[in-house]
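Scroll down for the structure; my scribbles are underneath it.
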Amino acid sequence: MTVKDVTALLEEIAPLAHAEDFDNVGLLVGNNNQKVKGILVTLDTLETVIDEAVQKKCNLVVSFHPILFKGMKKITGETYVERVILKAIRNDIAIYSMHTALDNSPVGVNAKICEVLGVEKPKILIPKRNTIKKLTTYVPKKDAKTLREKLFEAGAGTIGNYSDCSFNVDGFGTFRAGENAKPKIGTKGVSHTEEETQLNITFDMAFEKNVLDTLFEHHPYEEVAYEVITLENKNKNLGMGMIGELKSPTTEIAFLNHVKEVMHAKGIRHSRFLNKPIKRVAVLGGSGAFAIGAALHARADVFIAADLKYHQFYEAEGRILIADIGHFETEQFTKNLLVDFLTKKIPNFAVTLSESITNPIKYF
């Protein structure tokens with residue numbers, strides 16, 4: 001099994017195309033064709049994690065946070081980032097990061113927080129835009145069924161819990177093949193009319209290459225007429241944060257005590273209590289201040305996130321309880337999620353949960 005084989009599995013739950021534009025995800029150190037001896041899963045890639053990988057004979061580190069985030073002009077070992085990269089290269093260890101690709105996943109970071117907190121039937125809090133594309137093509141009517149089915153196999157035509165979705169309109173297409181053409185239908189220099197089907201099908205941006213490769217491979221025309229457009233539609237199955245409900249309402253104090261216990265929080269910074277029951281819970285792993293408005297709009301009773309600034313607590317507006325439990329604390333179970341996933345996918349392979357505690361924040 002190669003690095004590419006492992007990362008292809010990880011892209012099943014967190015395609016890199018779903019990462020935010022500012023992010024740096026994917027294979028950051030190493031070679032895609034390198035054979036994998038063992039996998040170490042961590043939240044952050046620090047020197048201690050590389051040492052742990054060496055000790056446990058793991059030559060692929062799957063890390064949530066990217067060790068390389070900004071451009072670098074030198075690697076001299078002066079910073080912890082440079083030292084990690086040098087040590088990884090010296091020991092032939094590849095480093096792969098998922099970060100916001102997993103943040104946006106419906107089974108990723110926020111789904112795991114909901115699971116730990118006991119939040120039921122979670123849905124995406126901030127659906128992602130510009131991730132749904134639409135293909136329109138024109139194919140001879142007799143070939144439409146075959147092409148449609150091939151496109152479904154390539155990942156097109158899935159909308160939520162429905163698959164094999166398309167819209168088809170029959171009509172007539174016209175063309176004249178030039179002298180240098182090699183028409184499979186029609187004759188050079190002669191105008192031709194063909195009974196065609198206009199095929200319309202949507203797909204996730206992560207499948208664009210597969211869908212277009214399939215279109216060109218299985219379309220019978222030498223020159224394929226097609227259009228691909230990006231839709232403005234929100235993708236309700238993809239995006240930041242989640243919102244769901246507790247099985248039973250509880251008090252604000254009882255809920256925060258529960259959060260503190262199951263999330264191993266050393267302390268919780270929160271807005272003022274409103275003396276209202278907690279039932280509807282919104283969460284966003286990591287820095288989540290940008291989602292306060294979305295949590296309010298979704299009528300959440302409480303919003304769990306991290307890295308909130310002083311004035312951002314005012315945004316509660318006396319309508320919601322905001323709780324900052326810490327960046328590490330919101331994302332700490334992400335590595336468990338990844339280990340569980342990889343272990344099910346490759347049960348006879350060494351997938352190890354890192355024992356290194358990478359939280360840089362200490363409490364006095």
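Residue numbers count from 1 along this sequence. Keep in mind that what you see is a predicted model, and the values were worked out from it rather than measured.
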Specify the closest pair of heavy atoms between G286 and T330, including all atoms of both residues, with the distance to one decimal. N-OG1, 2.8 Å
Are more than 12 heavy atoms from other residues, nucleotides or ligands located less than 6.0 Å from atom NE2 of H297? no
Between the main-chain N or O of I75 and the side-chain N or O of E82, is there a donor-acceptor pair closer than 3.5 Å? no
Enter the distance from L238:CG to D103:CG here, rounded to the nearest 0.5 Å. 11.0 Å
Taking only residues at least two apart or on different chains, which pairs with a member in residues 341-364 satisfy ring-ring contact (aromatic ring centres under 6.0 Å, His included)? none
Quick one: do E331 and K112 make a salt bridge, cutoff under 4.0 Å? no
Is a salt bridge present between K141 and E195, judged by a nitrogen-to-oxygen distance below 4.0 Å? yes
Check: T230 side chain, I132 main-chain N or O, donor-acceptor pair, under 3.5 Å: no
What is the distance from atom CG of N233 to atom NZ of K134, rounded to the nearest 0.5 Å? 10.0 Å
Distance (rounded to the nearest 0.5 Å) between L338 CG and L9 CG: 12.0 Å
Could you tell me whether the side chain of N91 and the main chain of I93 form a donor-acceptor pair under 3.5 Å? no
As a quick check of understanding, evaluate side-chain contact (heavy atoms from CB on, under 4.5 Å) for I67 and I95, giving each step before the final call. CA-CA 8 Å; I67 183 62; I95 302 173; 4.3 Å; yes
May I ask you to say whether K4 pairs ionically with E11, meaning some side-chain N is under 4.0 Å from a carboxylate O? no
Over 60° means perpendicular and under 30° means parallel, so tell me whether H264 and F333 are parallel, tilted or perpendicular. tilted
Nearest heavy-atom neighbours spanning P140 and I185: CG-CD1, 3.6 Å
With clusters defined by side-chain heavy atoms of hydrophobic residues (ILVMFWY) lying less than 4.5 Å apart, directly or transitively, does F255 cluster with M242? yes
Answer yes or no: is there a donor N or O on one side and an acceptor on the other, between the side chain of D324 and the main chain of D307, under 3.5 Å? yes
Correct closest heavy-atom pair for N110 and G285 would be OD1-N, 2.7 Å
Is it true that a side-chain atom of T100 and a backbone atom of D23 form a donor plus acceptor pair closer than 3.5 Å? no
Distance in Å, K276 NZ paired with T251 OG1, rounded so as to fall on 0.5 Å steps: 14.0 Å
E120 side chain to G244 backbone, donor-acceptor under 3.5 Å: no
Count the heavy atoms of every other residue, nucleotide or ligand shown that sit under 6.0 Å from NZ of K56, and state whether that count exceeds 12. yes
Side chains of Q198 and T136: do they bring a donor and an acceptor to under 3.5 Å? no
For the student: nearest non-hydrogen atoms of A94 and Q34, plus distance: N-NE2, 4.2 Å
When H270 is tested against each of L256, I325, I322 for side chain to side chain contact (heavy atoms under 4.5 Å, CB included), which residue passes? L256
Report yes or no: do H18 and N104 form a side-chain donor-acceptor pair below 3.5 Å? no
Answer yes if the side chains of T2 and D5 hold a donor-acceptor pair under 3.5 Å, and no otherwise. yes
Residue K279 excluded, over 12 heavy atoms near NZ under 6.0 Å: yes
Can you check side-chain contact (heavy atoms from CB on, under 4.5 Å) on V36 and N59, steps first, answer last? CA-CA 6 Å; V36 178; N59 64 341; 3.7 Å; yes
Above 12 or not: heavy atoms from other molecules or residues under 6.0 Å from CZ of R269? yes
Quick one: does D44's side chain have a donor or acceptor within less than 3.5 Å of a partner on L46's backbone? no
If you measure only the distance, is there a donor-acceptor pair under 3.5 Å linking the side chains of E153 and T214? no
Indicate yes or no for a side-chain donor-acceptor contact from E52 to the backbone of S354 under 3.5 Å, with no hydrogens or angles considered. no
V81 vs L68, test: side-chain contact (heavy atoms from CB on, under 4.5 Å). Steps then yes/no. CA-CA 7 Å; V81 173; L68 275 171; 4.3 Å; yes
In this structure, OG1 of T158 is separated from CG of D164 (nearest 0.5 Å) by 7.5 Å
Say you draw a straight line from CD1 of I253 to NE2 of H258; how long is it, rounded to the nearest 0.5 Å? 15.5 Å
Determine, step by step, whether L296 and F303 satisfy the side-chain contact (heavy atoms from CB on, under 4.5 Å) criterion, reporting the C-alpha distance in whole Å, the side-chain angles of both residues, the deciding distance to 0.1 Å, and the verdict. CA-CA 9 Å; L296 281 165; F303 176 50; over 6 Å; no
Path from Y80 to L40 over hydrophobic side-chain contacts below 4.5 Å: yes
Just checking K128: does its NZ atom have more than 12 heavy atoms from other residues, nucleotides or ligands closer to it than 6.0 angstrom? yes
Give the minimum heavy-atom separation between T352 and C58, together with the two atoms involved. OG1-SG, 4.2 Å
Using 30° and 60° as the class limits, which term best fits the ring planes of H327 and H65: parallel, tilted or perpendicular? tilted
For K188, does the NZ atom have more than 12 heavy-atom neighbours from other residues, nucleotides or ligands under 6.0 Å away? yes
Would the number of heavy atoms belonging to other residues, nucleotides or ligands and lying under 6.0 Å from CZ of F290 be above 12? yes
Which heavy-atom pair separates L337 from G108 by the least distance, and what is that distance? CD1-O, 3.3 Å
Are more than 12 heavy atoms, taken from residues, nucleotides or ligands other than K73, located less than 6.0 Å from that residue's NZ atom? no
Common cluster, V119/V109, ILVMFWY with side-chain heavy-atom separation under 4.5 Å: yes
Closer than 4.0 angstrom, basic N to acidic O: yes or no for K345 and E12? yes
Mark yes or no for whether N235, through its side chain, and T131, through its backbone, hold a donor-acceptor pair below 3.5 Å. no
Residue pairs involving residues 221-245 (criterion ring-ring contact (aromatic ring centres under 6.0 Å, His included); sequence neighbours excluded): F175-Y221, F216-Y226, H219-Y221
Any donor-acceptor pair under 3.5 Å linking the side chain of R280 with the backbone of D301? no
